[in-house]
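To start, the structure under review is shown below, and the notes come after it.
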Amino acid sequence: MESLAPELIDELNTKKDPDKGLKELEVEEGQKVIMRFAPNPNGPATLGSTRGIVINSEYVKKYGGKFIIRFDDTDPQTKRPMLEAYEWYVDDCKWLGAEPDEVVIASDRMPVYYDYARKLIEMGKAYICFCDGADFKKFKDAKKACPHRDVSPEENMEHWEKMVAGDYEEKSAVLRIKTDITHKDPALRDFGAFRIVKAPHPRPEIADKYCVWPLLDFEGAIEDHELGMTHIIRGKDLMDSEKRQGYIYEYLGWKYPKTTHWGRIKMHEFGKFSTSGLRKAIEEGKYSGWDDPRLPTLQALRRRGILPEAIRKFMIEMGVGETDISISMNTLYAENRKLVDPTANRYFFVWDPVEMEITEAEPCTVNPALHPTEDRGCREIKIKNQVVICKEDAEKLQSGSKIRLKDLYNVEVTSTEPLQAKYLNDSIESVKKDKMRIIHWAPVDGVPVKVLSPDGEFTGVGEKQVTTELDKIVQFERFGFCRIDSVDGQVVAYYTHK
RNA sequence: GCUCCGAUAGUGUAGCACGGCCAAUCAUGCAGGACUCUCACUCCUGCGACUGGGGUUCGAAUCCCCAUCGGAGCACCA
């Protein structure tokens, strides 16, 4: 077939393997793709934010374009930005292999937003509304214009200047964009574009420079155009946003970027969590910090030894469907395990250790392989006539039980309290013949190990040599993969996954 | 209340714009087996789905309508 009709093979391949990763983007001739990830830096990146980073940057990589991170930090109050988070986000992007080509901070660009606000006021497309929230809602629900809708641009401009100058109290005035007050979808009727917030911005260079801040629909609309965005991929909770922003684009004669949406993503393992909720829990000491292994932050996953490639694959596999999904961490772990398994050295770690005395055995040194299939050398463990084994293994033993201590020798239990055994032989054949259980162990004078995992802490004893694996991911046999986080005095490891 | 989305195996996902090639893809999961001095990895085999009801059509996962379920917006949050 290859020689007869090579073109048919191509055809077969394209049909069977329709671009495994992301769907094609609609790109116009000669168009340079520009996409962005636009977080509010009110906390660190979580697994949820990661989708935006990975998918957007992946498309940019695929088509060759520009990836921008834009901080939508125009709410100094309710979702108050966190100063450290700006750096964190950029770091996390880099770590994920999605280094931004450009970093934009909305709070730096207020003059731009003000200019467009004035422009729209002049055009009669925006007005200052003095209704309080409830009153406006009544008008809106009744499809009626509020009394402030029809004042002249000149008068509106005066109000605007006073508003910007700080003459009005918070909540007493808001700039609205005129849409269609009779639109059948109430979500689209005359939406708010700017409101008054007198709390200072956390960024020292901004601080109390402004008291009138744009809302997302306005800020995002302007920026997406100013930055030349060609495509936007974001959550479908922002679908209406596009329709609202459409009015601004129409007034200003702009063309809206092509949009795609994804549904809500929920992880089985993590309940509902909000950035502000987490922040509070951390302050209360319920978590050790943003990188507490129980949290779904990128910092935590990173510390636990989840590799960025695993996260990328995981997100790309998930695609950009509009369906709301609920997915398990196990899928991410499976991805990570495949990457980590060939490189992780193996060690013994005994949790809930129980001492076992072995009679009739000579002190010895054993050299188990660092990896079962890759040729990476050996470890060295010295023992005399005592080892520790896991309590859960010890509990299954009775007098007379024969058991294999992995990579060491076979013993027969002679007493369970205290736990004692006598040396039998070294023969691996007899292990197979007698179907002995093979358990791991550790020297009694090993190094103390503490493992921090999403399900709590494990403490026990490990081989001394683990201390040479700082910052590496190892596999504690019959336990799971862990990243060695620190090695002074005791070894502290973060649990990756089974 | 009004409006807008969505629905394929346990979980994700491909297929749906141009109906037939779908007895429906891939991954993960689960079950069994092989390998193995780890409950890891690898390999083999198997399990498992078009939400329901109408309609259009020679033919529907794919088009239309209704229902059900899930999500979202109507904020001076992003």
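Below, each value reflects all heavy atoms present in this structure, side chains not excepted, and no hydrogens, waters or symmetry copies. A, B, ... follow the sequence lines: proteins, then strands. Residue 1 opens every chain. Keep in mind it's a predicted model, so treat the numbers as computed, not measured.
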Self-check item: ring pair (Phe, Tyr, Trp, His ring centres under 6.0 Å) partner of A/Trp351, chosen from A/Phe479, A/Phe476, A/Tyr495
Solution: A/Phe479
According to the Watson-Crick and G-U wobble definitions, with both distances under 3.5 Å, which nucleotide is paired to [N]?
N	value
B/rC35	none
B/rC21	none
B/rC4	B/rG71
B/rC50	none

Using the side-chain heavy atoms of [X], tell me which of these nucleotides is nearest: [options].
X	options	answer
A/Asp185	B/rA40, B/rU3, B/rG71	B/rU3
A/Pro186	B/rA40, B/rC2, B/rA14	B/rC2
A/Met318	B/rU38, B/rG12, B/rU3	B/rG12
A/Thr74	B/rC37, B/rC5, B/rA78	B/rA78
A/Ile327	B/rC4, B/rG12, B/rA40	B/rG12
A/Asp324	B/rC77, B/rG71, B/rA72	B/rG71
A/Ala187	B/rC76, B/rU38, B/rG73	B/rG73
A/Asp72	B/rA78, B/rC41, B/rG70	B/rA78
A/Arg337	B/rC5, B/rA40, B/rU8	B/rA40
A/Lys338	B/rA78, B/rU28, B/rA75	B/rU28

Quiz item: Expressed in whole Å, how much space separates the C1' atoms belonging to B/rA17 and B/rG29?
Solution: 33 Å
Self-check item: Pairwise C1' distance, B/rG15 and B/rC37 [rounded to whole Å]
Solution: 47 Å
Base, sugar-phosphate, or nothing: which does [X] touch, judged by heavy atoms less than 4.0 Å apart?
X	result
A/Arg244	sugar-phosphate
A/Cys211	nothing
A/Gln475	base
A/Pro372	base
A/Phe481	sugar-phosphate
A/Leu238	base
A/Arg404	base

Would you say [X] reaches [N]'s phosphate, i.e. side-chain N/O to OP1/OP2 under 4.0 Å?
X	N	answer
A/Lys184	B/rC74	no
A/Lys313	B/rA27	no
A/Arg176	B/rC76	yes
A/Lys137	B/rC74	no
A/Arg195	B/rC77	yes

Practice problem: Please determine, by modelled atom types, if A/Arg478 and A/His440 share a side-chain donor-acceptor pair under 3.5 angstrom. | Solution: yes
Quiz prompt | Check: A/Thr259/A/Glu242 side-chain N/O donor and acceptor closer than 3.5 Å | solution = yes
To the nearest Å, how far apart are [X] [atom1] and [N] [atom2]?
X	N	atom1	atom2	answer
A/Ile325	B/rA7	CD1	C1'	13 Å
A/Arg478	B/rC39	CZ	P	8 Å
A/Ile128	B/rC76	CD1	P	14 Å
A/Lys79	B/rA75	NZ	P	15 Å
A/Asp240	B/rG6	CG	P	13 Å

Quiz item: Applying the side chain to side chain donor-acceptor pair (under 3.5 Å) test to A/His371, which of A/Arg376, A/Gln475, A/Arg346 qualifies?
Solution: A/Arg346
Quiz item: Which heavy atom of A/Ala117 sits nearest a heavy atom of A/Leu175, and at what distance?
Solution: CB-CD2, 4.1 Å
Self-check item: Nearest heavy-atom neighbours spanning A/Ile248 and A/Ala221
Solution: CD1-CB, 4.1 Å
Quiz prompt | Within 45° cone and under 6.0 Å: A/Arg176 NZ/CZ vs A/Phe136 ring | solution = yes
Quiz item: What orientation do A/Phe348 and A/Trp441 show, parallel under 30°, tilted 30 to 60°, or perpendicular over 60°?
Solution: tilted
Exercise. Mind telling me if B/rA17 is syn or anti? Syn here is a glycosidic angle within 90° of 0.
Key: syn
Quiz item: Quick one: does A/Glu335 reach the base of B/rU28 with a side-chain donor-acceptor pair under 3.5 Å?
Solution: no
